[in-house]
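Chain identifiers are assigned alphabetically (A, B, ...) following the order of the sequence lines, protein sequences preceding nucleic acid strands; residue numbering begins at 1 within each chain.
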Amino acid sequence: MVNPDLVTLTLPDGSCREYPGGVTGADVAASIGKRLARAAVAVTVDGATVDLTRPITHDAAVAVVTADSDAGREVLRHSTAHLMAQAVFDLFPGAKYAIGPAIADGFYYDFELPGGAHFTDTDLERIEARMRELAAEDQRFVRREYGAGAGLDLFADQPYKAEIICNVTAGEAGPDDAGEVVGDGTVGVYENVRPDGTVAYFDLCRGPHVLSTSRLGAFKLTRVAGAYWRGDEKRQQLQRVYGTAWEDQKALDAHLHRLAEAEKRDHRRLGVELDLFSFPEEVGSGLAVFHPKGGTVRRLMEDYSRQRHAAAGYEFVSSPHITKSQLFETSGHLDWYADNMFPPMELDGGTDYYLKPMNCPFHILIYRHRTRSYRDLPMRLFEFGTVYRYEKSGVVHGLTRVRGMTQDDAHIFCTRAQMVAEIQTALSFVLELLRDYGLDDFYLELSTRPEEKAVGSEEEWAEATEALRSAAEPMGLELVIDEGGGAFYGPKISVQTLDAIGRNWQMSTIQLDFQLPQRFDLHYVGADNERHRPIMIHRALFGSIERFFAVLLEHYAGAFPVWLAPAQVSVLPVADRHHAYAFRIVDRLTAEGYRVELLDAHHDTLGKRVQRARSEKVPFVLVVGDEDAEEGTVGVNERGVEAVRRGVKVDDFVEQLAVQVIERS
RNA sequence: GCCGGGAUAGCUCAGUCGGUAGAGCAGCUCACUCGUAAUGAGCAGGCCAGGAGUUCGAAUCUCCUUCCCGGCUCCA
């Protein structure tokens, strides 16, 4: 006989317990253990995460969500966002609030301040101080539910909240709204209630939230920024405050430490420290110059890439940086891409010349130079092509977002029958190449037809998108759909790469294009002696050399593997009398094709020179003294290895070096 | 492009109330000749991003431009 007043709850370990009907998550946690009750921030009931105060009225699978889980941190962060909004209302009466979700590692909240005011960095401190006061007040988070009409009344003077309610009740909830309102037309509201019962703050919200503001404490506001309402640059720009929040101070400190570590491997910082490249103000925004060491790494990257491309059946071509406007009229770039192009130069009595933003039209002209047979296909034209794109001033960022860049660009002309196989070959090729450079964590993204900027029929887009998908699926990698992210002439697959500290970068792109062959009226003569339209595949594997350089630099934290390191070996004579021997080592290694530098003993102590070579992240530091000169040995300091190996035979060292270069380790 | 914050020696940064510029590291010279994470002394280095304005006087206050940083939007 089932007792109707009892509910049976199944816990994550599979055990079942009976509780009175209406029991709450907080009660359940408390019944299991004190420590769990303290750590609890929410509870999942049959998979849905709800407040600890929500009564449970039927049998269910229940799991307590603790603060130190991903789901728990999300609750903490969302609750901290509410706390922040409350602090902002206290300090800026009349502020309007928009949305305030939890995000990776933190949260933000968007506001419109009265009189169009802006937050400053000192406001950040004031807001944070106020948040700590409010947290200490121990305000309870209390959930209320309203109908759509009552909800609208509640937010009558809050236009952004009202818009969200209207959208949701009209069934047009965007992804951002999902965090704010429950989906069934009920308007969820959370109140922050002071111990004396008065309401300090209320917000439109789906929840769940922690029990009380006193649970919040390990947080820090990090930055202020402008952000467009609903991410639309045509709409109101709001003031956004970012913050981070964690289960305890220790976790917060660890997060801040990780940020500091990530900053140390920022490629812009390492570029200066290791003397690799710079952005002279005299040249212009987003235009890099590579110094000798950076130039060496770049050359090595390119050399290996060329070698691999030659082996993969690519032919090498070259094209100029500027061209008459007509080429980009034919290609459609001036219709669809003009915003990203530098303005034209008028030459030769009125002819406009443009800097090229892409290489494809040139490769097309090479293809079109003579009649092509089906026997010529697939035709794979490769070029390190330098392109110029007029990026908006606010988006330029180190080497990852520049206005002048070199792409390892190729265009494959093939038949429709060949296209899926060609895409697959290109995908396998890029993954193999990226692995050779030390990257091995990827997922794929399939970008579909852009809503506004697209040429060609829906059918062609659908066919091209399907071809990409069918080529991508056998790769065994996660495939994420990026709706509307394609280029104007076709859909694309991009390879997203995760680096050593888990950040993801978009690099390689493979794009399928039915349009440009039509616009340029390309054809080939088939076995049937008829003319046919070829398909074009655009692909860049590094994406751009600049961005790939930046990714490798950050991935390796400046410590390039031996095969890529600008200097592979530093030779340090202990004293002047060892210079002759040191030079012999240098000469031998140089003759064998290694990049070697000598740090002589004229000026600095040995310790100083060791320190210098290490700070330059040279893979091998060789110290040579009396014993070495007599025995034909070197003292080997290997980067990342604590112990020094003394008395290593030069031949043995050279062999080790050779192995590491060949293995690209 | 939009919002906010910046720019002082090659690098990292001081510079108070508006009174004409300072350190450490790097560089150069000299001494030291050294077996593993900074030897010592000395020298040199600045149109205080650029321009205009306010002022007796501007690194400092105001405006404009350039460039950088953090976001938004966009992207290889």
Can you list every pair that meets salt bridge (charged side-chain N to carboxylate O under 4.0 Å, His left out) and has a residue in residues 401-411 of chain A, with sequence neighbours left out?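 Only A/Glu391-A/Arg401 qualify under salt bridge (charged side-chain N to carboxylate O under 4.0 Å, His left out).
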
Which residue pairs pass the salt bridge (charged side-chain N to carboxylate O under 4.0 Å, His left out) test when at least one of the two sits in residues 633-645 of chain A, sequence neighbours left out?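 Passing the test, one end in residues 633-645 of chain A: A/Glu638-A/Arg645.
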
Can you work out whether A/Phe119 or A/Val621 has the more 5'-proximal nearest nucleotide on RNA chain B?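 Going by which nucleotide is closer to the 5' end, it is A/Phe119.
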
Classify [X] by what it touches in the nucleic acid, base, sugar-phosphate, or nothing, heavy-atom distance under 4.0 Å.
| X | answer |
| --- | --- |
| A/Val402 | base |
| A/Arg612 | sugar-phosphate |
| A/Ala601 | base |
| A/Glu546 | nothing |

Produce a footprint string for nucleotides 60-71 of chain B: one letter per nucleotide, 5' end first; B if the base is under 4.0 Å from any protein heavy atom, S if only the sugar-phosphate is, - if neither. ------BSSSBB

Side chains of A/Trp229 and A/Asp110, donor plus acceptor under 3.5 Å: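 Judged by distance alone, the side chains do not pair up.
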
Among side-chain atoms of A/Glu112 and A/Tyr160, is any donor-acceptor pair under 3.5 angstrom?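 Yes, because at least one side-chain N or O of A/Glu112 sits under 3.5 Å from a partner of the opposite role on A/Tyr160.
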
Would you mind reading off the distance between [X] atom [atom1] and [N] atom [atom2], rounded to a whole angstrom?
| X | N | atom1 | atom2 | answer |
| --- | --- | --- | --- | --- |
| A/Glu451 | B/U73 | CD | C1' | 16 Å |
| A/Arg230 | B/C2 | CZ | C1' | 19 Å |
| A/Glu273 | B/C25 | CD | C1' | 12 Å |

Beyond-backbone contact of A/His411 with A/Ile537, side-chain heavy atoms, under 4.5 angstrom: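 A side-chain contact is absent here, since even the closest heavy-atom pair is not under 4.5 Å.
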
For a 4.5 angstrom cut-off between non-hydrogen side-chain atoms, does A/Tyr97 reach A/Tyr109?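 They are in contact (side-chain heavy atoms under 4.5 Å apart), so the answer is yes.
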
For RNA chain B, determine which residues of residues 642-650 of chain A have any heavy atom closer than 4.0 angstrom to one of its atoms, and list them numerically.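 Those residues are A/Val644, A/Arg646.
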
How would you list, by chain and number, every residue that makes a side-chain contact (heavy atoms from CB on, under 4.5 Å) with A/Ile481, sequence neighbours excluded?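 Counting only residues at least two positions away or on another chain, A/Ile481 forms a side-chain contact (heavy atoms from CB on, under 4.5 Å) with A/Leu446, A/Thr448, A/Arg469, A/Glu483.
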
Let me check something: any side-chain donor-acceptor pairs from residues 290-301 of chain A under 3.5 Å, sequence neighbours excluded? List them with distances.
{"residue": "A/His291", "atom": "ND1", "partner": "A/Asp275", "partner atom": "OD1", "Å": "2.7"}
{"residue": "A/His291", "atom": "NE2", "partner": "A/Ser278", "partner atom": "OG", "Å": "2.7"}
{"residue": "A/Thr296", "atom": "OG1", "partner": "A/Pro292", "partner atom": "O", "Å": "2.9"}
{"residue": "A/Arg298", "atom": "NE", "partner": "A/Glu302", "partner atom": "OE2", "Å": "3.4"}
{"residue": "A/Arg298", "atom": "NH1", "partner": "A/Glu546", "partner atom": "OE2", "Å": "3.0"}
{"residue": "A/Arg298", "atom": "NH2", "partner": "A/Thr406", "partner atom": "OG1", "Å": "3.2"}

Taking only residues two or more places apart in sequence or in another chain, which ones pass ring pair (Phe, Tyr, Trp, His ring centres under 6.0 Å) with [X]?
| X | result |
| --- | --- |
| A/Tyr489 | A/His538 |
| A/Phe620 | A/Phe653 |
| A/His579 | A/His602 |
| A/Tyr242 | A/Tyr108 |

Within the modelled atom types, does a donor on one side and an acceptor on the other bring the side chain of A/Arg547 and the base of B/C75 under 3.5 Å apart?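 When only heavy-atom distances are counted, A/Arg547 does reach the base of B/C75 through a donor-acceptor pair under 3.5 Å.
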
Where does RNA chain B form stems of at least three consecutive Watson-Crick or G-U wobble pairs, each pair having both distances below 3.5 Å?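 If one scans RNA chain B for consecutive Watson-Crick or G-U pairs, the stems found are B:1-7 with B:66-72, B:10-13 with B:22-25, B:27-31 with B:39-43, B:49-53 with B:61-65.
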
Relative to the ring of A/Phe429, is the ring of A/Tyr314 parallel (under 30°), tilted (30 to 60°) or perpendicular (over 60°)?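 Ring orientation, 0 to 90° scale: parallel.
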
Tell me if B/C17 is syn or anti. Syn = glycosidic torsion within 90° of 0, anti otherwise.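 You should classify B/C17 as syn.
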
So which protein N/O to nucleotides 8-15 of chain B N/O distances come out below 3.5 Å?
none

